[in-house]
Amino acid sequence: MQFKHPELLFALLFLIIPILIHLFQLRKFQKTPFTNVKFLKEVTIQTRKSSKLKKWLVLLSRLFALACIIIAFAQPYFSQDTETATESETVIYIDNSLSLQAKGNQGELLKNATQQLFRNSNIPQQLSWFSNNTSTRQVTREDFKNEVLSLNYSSNSLTFDEALLKAETLFSKDETVSKNLIWISDFQGQQNFPEVSNTTINISTVQLTPVNTNNLSVDSIYVSAVNSASIELTVLLENYGAAVDNVPIGLYKDDNLIARTSAQIGANASATAIFEIDDEEFSGRISITDESLIFDNDLYFNINEKSPIKVLSIYENPANYLRRIYTDDEFEWQAQQINQLDFNILNQQNTIILNELNEIPIVLQNALMAFVENNGTLVIIPSVEADLATYNSFLNRLNFGTLTKAESVDRQITTIHFAHPVYQNVFENQITNFQYPTVKNYFALNRNHTAVLSFENNQDFLMQNQNVYLFSGALNTDNSNFINSPLVVPTFYRIGKQSLPLSNLYYTIGEHNEFAVAVSLPQDHILNIRNEQTDFIPLQQNSSNSVLITTTDQPEMAGIFGIYDKDNRIENVSYNYSRSESRMIYMNPASWQGVENHNSINAVFQELATAGEIKNLWKWFVILALLFLAIEMFLLKFLK
């Protein structure tokens, strides 16, 4: 037996007072003379004995009554919990990731779990709970049941460590309180269980198990070929399970089916399907039918109308090779001589090339600094007769280091840094057997950059620092044969293309996505992304001729969205759920050390209610006190 207020038991010491009064009372019997002495002696003995017995009985009944009242105020109770804590806290984690769309014996795992929680009568009166995208602290049982019924799937998925850390933040700091975490999940994935031996939280798990672990997924789509009349799209399907003979695959534009094909996929294998579209601007989806998981049956994508990338070459002497690279189908090309330069068009460009200028005037430096700060791409090709004073002044302002005196030694460009973004996915193999270009005169540079191309002596020929590229030597045919080599086209083409990172066919929700929208906005305008269900303002960085958009967790639902400047739609962007949960592989929480696993939701809350059940005894002591008071009244009234 335990007491909520054990300090009140000290009042039992005051029961010694009536005992002392009884033992040391000063009242004595008076003697009355009477003729029959023998009879009087018998009456005196009998009276004294009966009086003492009655007084002892009355005293005991009063003592018991007072003791029961004191104990009742101390609130005694019995608890099934062997711990000394008199209170407990409960936090419930409900995994609502997309893998919970799988079917169990009674329908979708998440929907069935929320129904069981709604019907359960052993839910604590006060609790906190969280999911992958929601968190609620200290709600009543009724509010929790109402909220959990409206819980939807989330594209966000917490790791075991993240979920445990989030649960700890919902518990109080009171160390005397018993902390119970109820973890409801399918435990999908191949993570390692975190160590819980040092935590004060009692973790109970309930694993939701699907009846079928086979799944088909539309994994990805990409442009495999571009012809003069059509665009070829290749779709990749993944099969996680038994072989499937005939998988129908549909291509939709908006909600209209425009093409259909089928594929045969072996067990735990992949397959591809090819579609051709005629439109340069296309918004649609690839769709299959699979009953296991629904979220990966559709893959949304879009192809926007191409916006030309603006490239400006500022030259001392004309260079026609650049004009042949930046063609009109993808670029808006301009070339201006330095002494006839229109400074008003600089901030309208995406890429500016300083093509072998003898010097960089201070007024041009200031204009180019503003251009670079607005995320414009700058390419610097020094002249053989470059004025190092003006060049180094400008390079120092760009945090690029300084050029030293020219090296008049023939050097071969032998190292291509294939991992650099300029050359990623340009070459099928890391080629090493082609004729390397040579340079006769070049400038050495103090290293404060990323190498793109390097000489045989490990000095760098093409360098990058943020959005500025620098060649260490002139590219004219008198100084180098670089412009006649296979490297010239991919180098300048990729630098120009990266100056305006156009949107992909689609992006993945939950990842770091970054793309540029070719639009010039007024200063007080911002872009928002929306469709019929969602409207949000993404992180964006405005420059003179484009807006760089960054998204991570938004939007929360897959689909095709419009990018709007107020009511003006600029272009579309598509988002899809991550396919990381398409593979239905599950952990076994029974092997999680220090954690108690349960077979059902009802079982875990039944055990929690039993363990925390408190049997209060104060009412019984009040009844006993009344009983002893009644006994005292009976003794005083009827005992002679």
Side-chain angles (χ1 to χ4, degrees), residues 312-322 325 335-339 341 351-366 368-369 372 377-417 420 422-423 434-489 491-492 495:
L312 170 66
S313 173
I314 304 174
Y315 63 89
E316 200 90 39
N317 297 303
N320 294 326
Y321 70 94
L322 291 174
I325 295 173
Q336 293 189 9
Q337 200 167 12
I338 180 64
N339 55 10
L341 178 61
T351 300
I352 295 178
I353 302 173
L354 300 185
N355 192 4
E356 300 188 25
L357 301 181
N358 292 332
E359 62 176 346
I360 306 176
I362 188 64
V363 62
L364 180 58
Q365 292 184 29
N366 294 334
L368 291 176
M369 284 300 300
V372 170
T377 298
L378 177 64
V379 181
I380 304 174
I381 307 172
S383 169
V384 174
E385 301 176 355
D387 179 10
L388 293 186
T390 60
Y391 268 85
N392 287 333
S393 172
F394 187 41
L395 292 176
N396 282 328
R397 295 177 67 180
L398 294 171
N399 294 320
F400 221 122
T402 56
L403 296 173
T404 60
K405 64 180 181 178
E407 300 281 346
S408 300
V409 181
D410 288 359
R411 296 291 185 190
Q412 281 190 323
I413 302 169
T414 59
T415 303
I416 304 172
H417 297 273
H420 192 277
V422 169
Y423 297 118
F434 72 102
Q435 185 177 3
Y436 294 110
T438 59
V439 178
K440 296 179 181 178
N441 293 282
Y442 67 93
F443 298 96
L445 181 77
N446 296 332
R447 290 181 178 269
N448 186 23
H449 55 266
T450 301
V452 182
L453 293 171
S454 300
F455 291 118
E456 54 191 332
N457 64 347
N458 293 325
Q459 288 184 321
D460 297 324
F461 175 66
L462 175 58
M463 300 145 277
Q464 179 201 8
N465 184 7
Q466 296 182 349
N467 52 330
V468 179
Y469 293 84
L470 173 65
F471 287 86
S472 63
L475 302 185
N476 61 73
T477 55
D478 293 335
N479 188 59
S480 172
N481 62 350
F482 179 80
I483 62 176
N484 297 319
S485 74
L487 289 177
V488 63
V489 174
T491 300
F492 281 98
I495 290 175

Original post:
What is the minimum heavy-atom distance between Glu356 and Tyr391, and which atoms define it?
Top reply: C-OH, 4.5 Å
**OP:** Can you see which heavy atom on Met463 is nearest to which on Phe471, and at what distance?
**Re:** CE-C, 4.3 Å
**OP:** Check the surroundings of atom CD in Gln466: do more than 12 heavy atoms from other residues, nucleotides or ligands lie under 6.0 Å from it?
**Re:** no
**OP:** Nearest 0.5 Å please: distance from the CG atom of Leu403 over to the CG atom of Asn396.
**Re:** 9.5 Å
Subject >> Ile381 side, atom CD1; Tyr315 side, atom OH - distance, nearest 0.5 Å >> reply: 14.0 Å
Original post:
Atom CG in Asn441, atom CG in Asp478: separation rounded to 0.5 Å?
Top reply: 10.5 Å
Original post:
So, the side chain of Glu359 versus the backbone of Asp387: is there a donor-acceptor pair under 3.5 Å, distance only?
Top reply: no
**OP:** Quick one: do Asn366 and Arg397 satisfy side chain to side chain contact (heavy atoms under 4.5 Å, CB included)? Show the steps, please.
**Re:** CA-CA 10 Å; Asn366 294 334; Arg397 295 177 67 180; 2.9 Å; yes
Original post:
Judged by atom type as modelled, is there a donor-acceptor pair below 3.5 Å linking the side chain of Asn479 to the main-chain atoms of Ala474?
Top reply: yes
**OP:** For Asn481 and Asn484, indicate whether the former's side chain and the latter's backbone hold a donor-acceptor pair under 3.5 Å.
**Re:** no
Original post:
Short question: side chain of Asn465, backbone of His449 - any donor-acceptor pair under 3.5 Å?
Top reply: no
Original post:
Are Ser454 and His417 close enough, and set up right, to give a side chain to side chain donor-acceptor pair (under 3.5 Å), and what steps lead you there?
Top reply: CA-CA 8 Å; Ser454 300; His417 297 273; 2.9 Å; yes
Original post:
Which heavy-atom pair separates Ile483 from Val488 by the least distance, and what is that distance?
Top reply: O-CG1, 3.4 Å
**OP:** Please confirm whether the backbone N or O of Val372 pairs with a side-chain atom of Asn467, one donor and one acceptor, at under 3.5 Å?
**Re:** yes
Original post:
When you look at CD of Gln336, are more than 12 heavy atoms from neighbouring residues, nucleotides or ligands closer to it than 6.0 Å?
Top reply: yes
Original post:
What's the verdict on side chain to side chain contact (heavy atoms under 4.5 Å, CB included) for Leu322 and Phe492, showing C-alpha distance, side-chain angles and the deciding distance?
Top reply: CA-CA 8 Å; Leu322 291 174; Phe492 281 98; 3.7 Å; yes
Subject >> Side-chain donor/acceptor of Ser393 to backbone N/O of Thr390, under 3.5 Å >> reply: no
Original post:
If every non-hydrogen atom of Ala451 is compared with every non-hydrogen atom of Asp460, which pair is closest and at what distance?
Top reply: CB-OD1, 3.4 Å
**OP:** Scan side-chain atoms only and decide if Tyr423 and Thr491 contain a donor-acceptor pair under the 3.5 Å cut-off.
**Re:** yes
Subject >> Value rounded to 0.5 Å, distance of CD1 in Ile352 from CD1 in Ile380 >> reply: 11.0 Å
Original post:
What pair of heavy atoms forms the shortest contact from Phe455 to Arg411, and how long is it?
Top reply: CD2-CB, 3.4 Å
Original post:
CG of Leu354 to OG of Ser383: how many Å apart, nearest 0.5 Å?
Top reply: 12.0 Å
Original post:
Are Leu398 and Leu378 side-chain neighbours, meaning at least one heavy-atom pair lies under 4.5 Å?
Top reply: yes
Original post:
Is a side-chain donor or acceptor of Thr438 paired with a backbone partner of Asp410 at a separation under 3.5 angstrom?
Top reply: no
Original post:
Mind checking what makes side-chain contact (heavy atoms from CB on, under 4.5 Å) contact with Glu316, not counting sequence neighbours?
Top reply: Ile338, Leu357, Asn358
**OP:** Give, for atom OG of Ser472 and atom CZ of Phe461, the distance between the pair rounded to the nearest 0.5 Å.
**Re:** 5.5 Å
Original post:
What's the shortest heavy-atom distance between Phe400 and Gln464, and which atoms?
Top reply: CZ-C, 3.9 Å
Original post:
Would you say the side-chain atoms of Tyr442 and Gln459 include a donor-acceptor pair closer than 3.5 Å?
Top reply: yes
**OP:** Sort out for me which residue in Ile413, Leu475, Leu453 forms a side-chain contact (heavy atoms from CB on, under 4.5 Å) with Pro437.
**Re:** Ile413
